[in-house]
Undergrad: 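My questions will all concern the structure given below.
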There are 2 protein chains.
Amino acid sequence: MAGVTIKDVAAAAGVGVATVSRVLSGTGSVSATTRERVQAAAATLGYRPSALGRSLKTQRTGGIGLIVPDAADPFCADFIAGVLETARAENCHVLLDAAGEDPALEAEIVDRFAQQRVDGIIAMPVHGDADTWAGLARLGVSVVFAGRVPSGVTGVPAVLADEAEGVRTAVDYLTGLGHRRIAHLDGDATLGGARERRAAFRATLEEHGIVPDEGLLVRARGSADAAYASAAGLFQSRPDLTAIVAGGHRLGEAAILAARELNLRIPADVSIIVVDDVPWAELCDPPLTVVARPARAMGERACELVLRAPARRAGRPVVLPTELMVRASCGPVTPSARPGRSR
Amino acid sequence: MAGVTIKDVAAAAGVGVATVSRVLSGTGSVSATTRERVQAAAATLGYRPSALGRSLKTQRTGGIGLIVPDAADPFCADFIAGVLETARAENCHVLLDAAGEDPALEAEIVDRFAQQRVDGIIAMPVHGDADTWAGLARLGVSVVFAGRVPSGVTGVPAVLADEAEGVRTAVDYLTGLGHRRIAHLDGDATLGGARERRAAFRATLEEHGIVPDEGLLVRARGSADAAYASAAGLFQSRPDLTAIVAGGHRLGEAAILAARELNLRIPADVSIIVVDDVPWAELCDPPLTVVARPARAMGERACELVLRAPARRAGRPVVLPTELMVRASCGPVTPSARPGRSR
DNA sequence: TTGAAAGCGCTAACAT
DNA sequence: ATGTTAGCGCTTTCAA
């Protein structure tokens with residue numbers, strides 16, 4: 001039957017419960033002989049200490065709550081893997097849930113985690129409502145944001161990819177190849193990520209003496225359909241563009257599919273670079289040049305941070321470098337390859 | 001400050017703790033007026049009932065433990081998403097961990113979950129050691145296997161993809177295209193999956209009057225390098241093969257990469273079909289024909305099962321259908337396209 | 001309808 | 001070195 005408790009072990013070993021507790025937690029001092037007797041008793045009974053009892057007493061669960069938009073997304077999945085690895089090393093367990101892009105659901109999940117008395121929460125947040133996040137710190141759960149930071153919230157530690165630097169590198173690379181009419185396709189997010197990428201895109205263009213062309217800066221909604229529509233619309237309305245920087249793999253895919261549909265050759269007719277590495281970039285044809293965000297490392301760092309968070313108050317975000325992975329989806333601009341080229 | 005307890009709420013509302021408990025859990029009867037007072041008090045204090053206290057008392061945590069080989073793997077990631085969705089709907093939380101292919105780690109994770117007193121465990125198991133799984137049922141945690149079943153273990157409910165049927169469909173499709181020398185590249189797993197695929201492959205070949213050629217049946221180790229080596233070796237040693245069925249996306253990728261490296265055109269020189277849908281199958285060039293396993297649905301079913309498991313004893317596994325997604329990586333066999341063709 | 005009180009399994013003082 | 005005991009926050013009889 002189930003339910004072997006510390007009492008049973010104590011009885012079986014002929015000692016008090018405190019002694020059992022001492023042996024199993026390695027705390028205090030116990031004679032070698034009793035230690036062995038206790039361990040033997042525990043083993044034969046198949047005793048598994050209840051984390052419930054312990055946590056109730058110690059006020060620490062060793063649990064960390066992880067909230068992502070979508071566990072099936074490759075970036076999130078890598079991030080999760082990073083968190084898991086570090087958590088395991090630190091003897092913590094991870095509660096996972098996905099909030100989509102729904103602030104209400106996010107708040108609900110946070111609440112559930114709070115009731116589970118997790119020691120900390122790592123979130124790729126949807127929403128900047130102070131109500132959702134502010135209470136937590138006060139409740140003793142440390143929070144760490146990852147990947148993006150909601151605009152309204154301050155004082156929460158964060159782990160970010162250096163999106164700006166990534167976009168800068170991408171644009172530098174493209175201008176180096178002779179491109180001047182470069183489009184930027186990104187999310188409409190009021191969240192971190194997209195906003196910073198857009199800003200960096202503009203700034204870098206200007207550094208190269210190119211004045212940003214508003215018609216080439218498009219923001220797409222989240223759905224796959226919307227992404228495709230935006231990409232296709234961009235290609236059709238602006239046949240003069242020679243390169244495109246897509247923020248996130250969804251939009252990258254959309255761009256590739258739309259280009260293919262419109263019979264634009266990559267990179268002969270249009271160069272494509274995606275901010276977000278994906279496992280299949282290599283298998284794509286042509287292999288995709290990307291700006292990789294260090295998803296896994298971000299997960300590891302976030303987990304470290306959340307476990308040490310009580311120690312470090314807010315501070316500036318940890319920013320991890322991105323990496324330009326040059327493959328074959330970008331090429332030099334070719335003067336007249338593409339039909340319908342006007343301006 | 002942290003730590004608002006039921007006592008605080010009771011005091012603030014001027015009632016006993018039992019009443020607060022009744023109000024918040026909706027159990028028993030309370031007058032409308034006291035109910036409101038309690039709710040008001042709880043709200044102003046920002047009370048979050050401790051799941052610890054409750055679980056300790058009720059002996060149910062509402063937690064379900066999920067063990068996958070790798071959270072970053074697309075199949076696992078989809079599966080996880082399915083579990084999360086159902087769990088949320090059932091008011092459960094999910095503890096996630098990844099065991100790689102390491103039986104010892106798997107056992108350790110199971111143990112940790114047991115200490116957390118999860119109500120059930122869903123596992124894509126590595127290992128059939130009775131010790132790891134048998135004790136759990138006795139301990140009151142229901143176990144459900146997903147995707148594969150270790151050979152040594154019986155009496156555990158499972159959710160599987162109909163791998164056999166999937167392979168059968170794939171082979172039917174290829175023979176229909178005129179292929180006779182079809183290779184099968186799969187894992188060396190002693191676990192479910194691979195074994196069944198191999199058996200189905202053989203059987204289907206025979207149904208078509210083709211005697212299985214052992215040289216075309218290769219089992220690869222898990223690592224990406226090993227996969228690539230196996231694929232390349234296969235292409236080089238057997239230039240007469242015209243089609244290949246790969247089990248799992250890792251081996252599918254390896255096959256594609258190897259084919260590309262050896263300048264084999266897909267599908268002109270070799271047709272490729274992968275058992276395992278991947279998000280990028282569409283983006284591959286040519287778009288990949290696959291046998292999709294319903295990862296997400298499997299996660300949903302597994303979660304339902306684990307929550308109702310006490311009710312259903314063992315029984316036969318739930319087998320979900322696979323789906324052949326015809327895209328463009330398979331073509332009719334072309335008599336003389338490939339150099340080095342001998343027999 | 002409501003309150004008092006007994007635990008759930010554990011740890012940590014405090015005694016011995 | 002070891003045992004006794006008082007809770008941790010909650011649910012649930014049992015009385016009132």
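So you know, we letter chains A, B, ... as the sequences are listed, proteins then strands, and number each from 1.
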Undergrad: Does the distance from a Lys or Arg side-chain N to an Asp or Glu carboxylate O, for A/Glu90 and A/Arg308, drop under 4.0 Å?
TA: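 A salt bridge is present here (some side-chain N lies under 4.0 Å from a carboxylate O).
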
Undergrad: What pairs with B/Ala13 under side chain to side chain contact (heavy atoms under 4.5 Å, CB included), at least two apart in sequence or on another chain?
TA: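 Residues passing side chain to side chain contact (heavy atoms under 4.5 Å, CB included) with B/Ala13: B/Val15, B/Val38, B/Ala41.
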
Undergrad: Can you name the salt bridge (Lys or Arg N to Asp or Glu O under 4.0 Å) partners of B/Asp73, sequence neighbours left out?
TA: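 Salt bridge (Lys or Arg N to Asp or Glu O under 4.0 Å) check on B/Asp73 returns nothing, list empty.
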
Undergrad: Between B/Gln115 and C/dG9, is there a contact of a side-chain N or O with OP1 or OP2 at under 4.0 Å?
TA: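 No.
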
Undergrad: With sequence neighbours excluded, tell me which residues meet salt bridge (Lys or Arg N to Asp or Glu O under 4.0 Å) with A/Arg48.
TA: B/Asp111

Undergrad: Nearest heavy-atom pair of A/Arg148 and A/Pro69: which atoms, and what distance?
TA: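 That would be NH2-CG, 3.8 Å.
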
Undergrad: Estimate the overall bend of the helix from C/dT1-D/dA16 to C/dT16-D/dA1 from the end axes over five pairs each, rounded to 10 degrees.
TA: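 Its terminal axes enclose an angle near 40°.
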
Undergrad: With sequence neighbours excluded, what pairs up with B/Arg37 under the salt bridge (Lys or Arg N to Asp or Glu O under 4.0 Å) test?
TA: none

Undergrad: Can you list the residues that meet the side chain to side chain contact (heavy atoms under 4.5 Å, CB included) rule with B/Val30, with sequence neighbours excluded?
TA: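 Per chain and number, B/Val30 pairs via side chain to side chain contact (heavy atoms under 4.5 Å, CB included) with B/Thr19, B/Arg22, B/Val23, B/Thr34, B/Arg35.
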
Undergrad: Taking the nucleotide of DNA chain C with the closest heavy atom to each, which residue, B/Thr19 or B/Leu56, is nearer the 5' end?
TA: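 Closest to the 5' end, via its nearest nucleotide, is B/Thr19.
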
Undergrad: Hey, is B/Glu108 close enough to A/Arg88 for a salt bridge, meaning N to O under 4.0 Å?
TA: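 No, no charged N to carboxylate O under 4.0 Å.
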
Undergrad: Go through the structure and list residues passing salt bridge (Lys or Arg N to Asp or Glu O under 4.0 Å) with A/Asp78, not counting sequence neighbours.
TA: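 Salt bridge (Lys or Arg N to Asp or Glu O under 4.0 Å) check on A/Asp78 returns nothing, list empty.
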
Undergrad: Taking side chain to side chain contact (heavy atoms under 4.5 Å, CB included) as the test, write out the residues that go with A/Ser50, two or more places apart.
TA: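 Residues passing side chain to side chain contact (heavy atoms under 4.5 Å, CB included) with A/Ser50: A/Leu52, B/Arg117.
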
Undergrad: Residues from residues 29-44 of chain A sitting under 4.0 Å of DNA chain C, heavy atoms only?
TA: none

Undergrad: Could you report the tightest heavy-atom contact between A/Pro49 and A/Arg54, atom names first, then the distance?
TA: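 What the structure gives for the nearest pair is CB-NH2, 4.4 Å.
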
Undergrad: So where does chain A start and stop touching DNA chain D, 5' to 3', when the test is distance under 4.0 Å to a non-hydrogen atom?
TA: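 Listed 5' to 3', the contact boundaries are D/dA1 to D/dG9.
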
Undergrad: What pair of heavy atoms forms the shortest contact from A/Cys92 to A/Leu307, and how long is it?
TA: SG-CD2, 3.7 Å

Undergrad: I'd like a table of atom pairs between the protein and nucleotides 10-13 of chain C - only N or O on both sides, under 3.5 Å - with the distance next to each one.
TA:
{"unit_1": "C/dC10", "atom_1": "OP1", "unit_2": "A/Tyr47", "atom_2": "OH", "d": "2.3"}
{"unit_1": "C/dC10", "atom_1": "OP1", "unit_2": "A/Ser50", "atom_2": "N", "d": "2.8"}
{"unit_1": "C/dC10", "atom_1": "OP2", "unit_2": "A/Ile6", "atom_2": "N", "d": "2.4"}
{"unit_1": "C/dC10", "atom_1": "OP2", "unit_2": "A/Tyr47", "atom_2": "OH", "d": "3.2"}
{"unit_1": "C/dT11", "atom_1": "OP1", "unit_2": "A/Arg54", "atom_2": "NH1", "d": "3.1"}
{"unit_1": "C/dT11", "atom_1": "OP2", "unit_2": "A/Ser21", "atom_2": "OG", "d": "2.8"}
{"unit_1": "C/dT11", "atom_1": "O2", "unit_2": "A/Lys57", "atom_2": "NZ", "d": "3.3"}

Undergrad: Can you check the A/Arg60 CZ to C/dG9 C1' distance for me, whole Å?
TA: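 Checked: the CZ to C1' distance equals 18 Å.
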
Undergrad: With sequence neighbours left out, write down each residue that passes ring-ring contact (aromatic ring centres under 6.0 Å, His included) with B/Phe75, or none if nothing qualifies.
TA: none

